[in-house]
Amino acid sequence: MKYVYYPGCSASGTSKEAEESLQAAMKALGVEWTELEDWNCCGAAVAIGTSYLLSIALPARNLALAERAESDLVTGCSRCFMNLIRAAHYTRKNARVREEVNELLAETGVQYSGKGRLRHLLDVIINDVGLDVVAERVTRPLDGLRVAPYYGCCQGMWTYAQFDSVEDPHCFDQLLATLGAEVVDYPLKTACCGGTLSMSRRSVGANLIGDLLAAAGDADCIVTACPLCLFNLNSFQGEAGRIKGTHFNIPVLFLTQVMGMAFGLPKKALGLQRNAVPVDGLYEKIAAGAAVSSAAAGASRPR
Amino acid sequence: MAEDKSEAKIGVYICHCGSNIAGTVDVEEVTGFAQEQGPVAVARNYKFMCSEPGQALIKKDIEDLGLDGVVVAACSPRMHEPTFRRVCEAAGLNPYRLDMCNIREQCSWVHKNGATEKAKALISAAISRACYLEPLERREVPVAPAALVVGGGIAGIQAALKVADAGRKVYLVEREPSIGGHMIQLDKTFPTLDCSACILTPKMAAVKAHPNIELMTYSEVVDVQGYVGNFKATIRRKPRYVDESLCTGCGICWEKCPWKAESEFDCGLGQRKAIYTPFPQAVPNVPVIDPEHCVYILRDGKCGACLKFCERGAIDFSQTEKMVEVEVGAIIVATGYDVFDPSAMTRYGYTRFPNVITSLEFERLCNATGPTGGHIVVNGQEPKSVGIIHCVGSRDRKYHEYCSRVCCMYALKFAHLIREKIEGANVYQFYIDMRCYGKGFEEFYQRAGSEGVTFIRGRPAQVTDLAINEQEQGKLVVVSENTLVGAVMRVPVDMVILCPAMEPRADARDVARLFNLSQSADGFLLERHAKLEPVATANDGVFVVGCVQGPKDIPDTVAQALAGAAEALALIDKGKVELEAATAVVDEAACSGCKICLPLCPYTAITFNEAEKQALINEALCKGCGVCVAACPAAAIVARHFTDQQILAEVEALLVDARPATAEV
Amino acid sequence: MVVPSDNYEPRIVGFLCNWCAYQGADLAGTSRMAYAPNVRIVRVMCTGRIDPTFVLKAFSSGADGVIIAGCHPGDCHYSEGNYKTTRRIAFLRKLLAQMGIDGERFRLEWVSAGEGAKWAQIADEMSAAVKEKGPLAWRENLKEA
Amino acid sequence: MGAQVSTVEKPWTLQTPEHVLASRDLVGNDFSLCYQCGLCTGSCRTAYAMKYTPRQIMNLLQLGREDEAVASGSGLLCTACYSCMFRCPRGVAVTDLMGAIQRLSLHQKHADPHIQRFYRAFMRTVERHGRFHEAEFLVRYYAVNPLRLRSEFRLGLMLLTKGKVVLKAPKVKSQKGIAAMFRKAAEIEGRP
């Protein structure tokens, strides 16, 4: 399978750990791809507030580049994924939008015809690589680690519709279970983290983040499939705690970080030192969990 | 052609249909246009051509001018062709000399511009065709004096009883082991609150006792042949493994049967045995053995408890499926509806939370014969607060666009029943619009309101067990905007009742095909006319009644059932039907005997005369589809009323404005 | 050669079966779904009745497009007339292609009695597509050739 | 909408080119399909903070009172999570309509200055570099508002110490072309 990879802006900046771990984990799985050459920002949740046309044309340029490369376009950022697929949807659906978008794209010397396939990282891992291959790579199962998968929102309509149930997705659960983790189901797993509101309207953004952190309850950590959510859930725990009248200190990791942990990759390669809420405690929990499970295995061994 | 046309005398009648046509089509201009056409002797327009004076106009012209063809440009022929055929006949013109030209449904109602031009083209085509229309004679055949009723719910029961009461034989076929349908599962019925079983069981008993009704439960119609007045239906009778003629319904067999399964009748809330009647008042009161749970069947004769205990020796494992054929003049289809499965809407937590239930499940919980003996209990407790969510799967493009019509009312009934059975219970109605349109409905709405029910206008976004405060601990929280306040509310409750849509049966498409019917866009079976022929269908002699045609409550269902019975009786009692005259006929001189047509006919109406080497069409069997006509390489088969000549003339004239005058050679 | 004028309106002949498509077109009417007035309907009992000569006649009489609409496969009032149509049409399509009439001018569609909206959409699409292609003027062009 | 609750005091005429409300012709006037069930609002995580809930915004559009919807600033709270649009039982493109209202609120300066600056700063870095550039964004966003910078001290410190602020600007070869896309978009949409 031929892929071009679209990192997106947060992965190369505020959520560097996502990008670092993603590269490491994919390499471990033997997935080969090339970075989409000359990619640009998809407009995040900001372009739509500025210009309708740009909110379509910015992501469409990346689609056009991928179309030219004749490969599936993969991204590990749910917000980017949503913007990209939304751009594909509206350029296909509306002839005038298509015309105007291409008029814009002509400025950078590309055209978008609506072809080409867009893939989410989870989709590639589960459906192309396969959970059996993931399982083979696991050397340090996440025994006893209670993980709350955070699917995130914007994915609902656009992302999961492509390969999972929209309102009640389970692909992430399957992946985490394959890594040996105990999956914590909680009601807000597909609720929005507030996106850029954490910057533009802190009180509202932090309130939403607080709801999510509280809902994940007694999980040892939260794992996200989106670098933007990763940044939000990590960076504003103090503020969220103040609003909710409590204190949050729950590690939030990117999905390839936990994959890398289970694959036994070095911490540094996974950018684990970069997570705002320290994650070191998780290794201790895994070790304790491993001890319990091997003891249990020993006890049940026939004499 | 030209000579023919000039000889014909055609009258053209253009209807205004009030402003329905005249508001868009310039009827004066069109009349002028028609007047100029060669074969047209007279062209008139009138406000309502179908009215008495309108009909009189046509009649007078036929008589005075000796017209030999009539074109009525008005509504769809599906609407008034019979009317104007009668007019022609009354005036002494063969009814097949009429051509209807549809300038309403297919012109004035759908075009803003260009309607007048299109009307001219359509009328020109009709005039042209009318020149070639030939007189045809319809033949009469006797009607089989019996009716087949398919489905034994309230609709089928009511229809069967009425036809039988009129002295006609009825075959009532029901798929389940007992008649009763969904209605027998209900507890009370709105708005009068009579007990559903109390009003239905006497009718069920009457069906069983009626000398004119042959009841076939646990049976399905698998094939229908023939035509109006003369249908042949094949019915598959599944083996009950219990001899109906011997069984007394004493119940010892199911008492002794050691094997259990979920009760379909109780929506899986309770259990039944492997040999069972679905409910105590079942008709017939004869059990069936469920082969999927009976160990005697599953494991070659291990068990046999029922065999041992049945004193009458009614248990008969040697029974096999039987096919029965019946001949009937009319068919009434009353196969009912399914309840939408709300587990597809994960946001409401159906199946995830045991205390989220459907309305039908609630009916069983509330019912004295139900699994809890009529106590409203979920999770082992009586709920002190209940949220009722309306429109689950209804009024929603993702599921069903239509309104299911009964939910508002039964939701009010639920509120009443809950308040009656549980002291001080809080009931919240989450509704979008309260639709209480029937007789006594608004009064019932008022009554429920006065009994202390809270109405929250909004479609809930989710049902969650995530508590955000003390009050919500251990509860289900219904999250919804209260649209009248403009704020999102969180309402903690002990139980949630979903009001799922009434949807077409899962096999509605198969049923439609079996009886040669159409489905409307929502999947329910299509009636011939939404207002004026609510139970007749496109297939003459087949009628649809009850929820198979669309969601409706019990009073409407009963009314429709009686309408269906009246239609069937009108057909049967007349004793004869006129056969369509527009059949195909072989021109013996032209037939080359190639036999291409023989296998094409779906009704095996074409036979081959080996002696003469000629095909022959049996007019009683031919339905006039014309497949053989189009296939005949010798053009030896003529489709009466749709001859090549008629259609080609129609097509040519339809494009009257397309050809520059010079192009005519 | 016929030169298309600016306000060219194509003429399209529709052969519709009585049981499904014709009823669907009626439903579009009772539901007041506005659509382009270019399609003129000829009612036949079944699409199985449609002789290829009808279609050729329409084109030679000046139609710019022809559409045949009947019951969905499996739903034919006469059980399988529409299957026969399908086969016959495949042949006709080849013939028309040789005569220079392509698929955009000649369509076969399934429209049930409940699909008024679908009929309106088809009529609109077909009108727009044929308008885009311009007049066929088949007979005139053949004469010139 | 009663005058006493209205945010807009003077009648507001739609002078913005229709492109700004582009989602409108994308989806037709499909807000007219809204039957006010409130499922969008119930599904919206930020509705609690809005002056008008998404459902009410749809109603304002139906009433031809875009002005009121725009002036209320409720659209600025939309995170474009698409829950409302996904669930809408009438197929209304709620999220895209909220986006249109958000754009109008920003263009007409109905938003807090710092929110406007946030959007401007973000888009400006994308325009200049083709990609988002944290360092430049932070400067643009906070430079004129040092008070705010102080409140963000902890966040900034975290980002710096965790090595998340890249000082070097991203390099996109087609940077000039992308800037031209911005100009072209403004031209087509008739924005200054």
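Every chain is numbered from 1 and lettered A, B, ... according to where its sequence line falls, protein lines coming before strand lines. For the numbers below, each heavy atom of this structure counts, side chains included, while hydrogens, waters and symmetry mates do not.
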Side-chain touch [X]/[Y], heavy atoms, less than 4.5 angstrom:
X: A:Arg86; Y: D:Asp96; result: yes
X: A:Leu197; Y: D:Arg45; result: no
X: D:Lys173; Y: A:Glu37; result: yes
X: D:Phe122; Y: A:Met199; result: no

Out of [options], return the one with the most heavy atom pairs under 4.5 angstrom to chain D.
options: A:Gly195, A:Ala191, A:Ala106; value: A:Ala191
options: A:Lys16, A:Gln273, A:Glu107, A:Glu103; value: A:Glu107
options: A:Thr108, A:Asp38, A:Leu105; value: A:Asp38

Pairwise distance [atom1]([X]) to [atom2]([Y]) - rounded to 0.5 angstrom:
X: A:Phe236; Y: D:Arg154; atom1: CZ; atom2: CZ; answer: 12.0 Å
X: A:Arg201; Y: D:Leu76; atom1: CZ; atom2: CG; answer: 7.0 Å
X: D:Cys81; Y: A:Arg79; atom1: SG; atom2: CZ; answer: 8.0 Å

*Would D:Tyr48 and A:Asn207 count as having a side-chain donor-acceptor pair, cut-off 3.5 Å?*
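Looking only at side-chain atoms, A:Asn207 and D:Tyr48 do form a donor-acceptor pair, the distance falling under 3.5 Å.
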*Scan side-chain atoms only and decide if D:Ser174 and A:Arg61 contain a donor-acceptor pair under the 3.5 Å cut-off.*
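Checked: D:Ser174/A:Arg61 side chains pair up, N/O donor to acceptor below 3.5 Å.
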Between [X] and [Y], what is the shortest heavy-atom contact and its length?
X: A:Ser200; Y: D:His114; result: O-CE1, 3.0 Å
X: A:Cys192; Y: D:Thr79; result: SG-OG1, 3.1 Å
X: A:Thr14; Y: D:Glu134; result: N-OE2, 3.1 Å

_Portion of A:Leu188 that has a non-hydrogen atom of chain D nearer than 4.5 angstrom_ =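 Just the side chain, heavy atoms under 4.5 Å.
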*Side chain from CB out, backbone as N, CA, C, O: work out which of these in A:Asn234 comes under 4.5 Å of a heavy atom of chain D, or both, or neither.*
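The answer is neither part of A:Asn234.
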Taking every heavy-atom pair that is under 4.5 Å apart, which of [options] has the most such pairs with chain A?
options: D:Leu159, D:Leu155, D:Thr161; result: D:Leu155
options: D:Lys176, D:Met123, D:Lys171; result: D:Met123
options: D:Arg131, D:Gln175, D:Met181; result: D:Arg131

*Yes or no on side chain to side chain contact (heavy atoms under 4.5 Å, CB included) for A:Leu54 and D:Val126, after CA distance, side-chain angles and deciding distance?*
CA-CA 11 Å; A:Leu54 282 177; D:Val126 177; over 6 Å; no
*Using a heavy-atom cutoff of under 4.5 Å, enumerate the residues of residues 39-49 of chain A that contact chain D, numbered in order, or state 'none'.*
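Listed by number: A:Trp39, A:Asn40, A:Cys41, A:Gly43, A:Ala44, A:Ala45, A:Val46, A:Ala47, A:Ile48, A:Gly49.
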*asked:* Taking A:Ser51's backbone N and O only, do any of them form a donor-acceptor pair with D:Glu189's side chain (distance below 3.5 Å, no angle check)?
replied: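 Judged by distance alone, no pair lies under 3.5 Å.
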_Flag, side chain of D:Lys164 to backbone of A:Ser15, donor-acceptor distance under 3.5 Å_ =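 Judged by distance alone, no pair lies under 3.5 Å.
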*asked:* Can you tell me which portion of D:Leu106 sits under 4.5 Å from chain A's heavy atoms? Options are side chain, backbone, both or neither.
replied: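 For D:Leu106, the side chain is the part near chain A, not the backbone.
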_Assess the residue pair A:Thr50 and D:Phe182 against the criterion (side chain to side chain contact (heavy atoms under 4.5 Å, CB included)); give the C-alpha distance rounded to whole Å, side-chain angles, the decisive distance to 0.1 Å, and a yes or no._
CA-CA 10 Å; A:Thr50 307; D:Phe182 275 69; over 6 Å; no
*Taking only residues at least two apart or on different chains, which pairs with a member in residues 178-188 of chain D satisfy side chain to side chain donor-acceptor pair (under 3.5 Å)?*
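Sorted pair list comes back empty.
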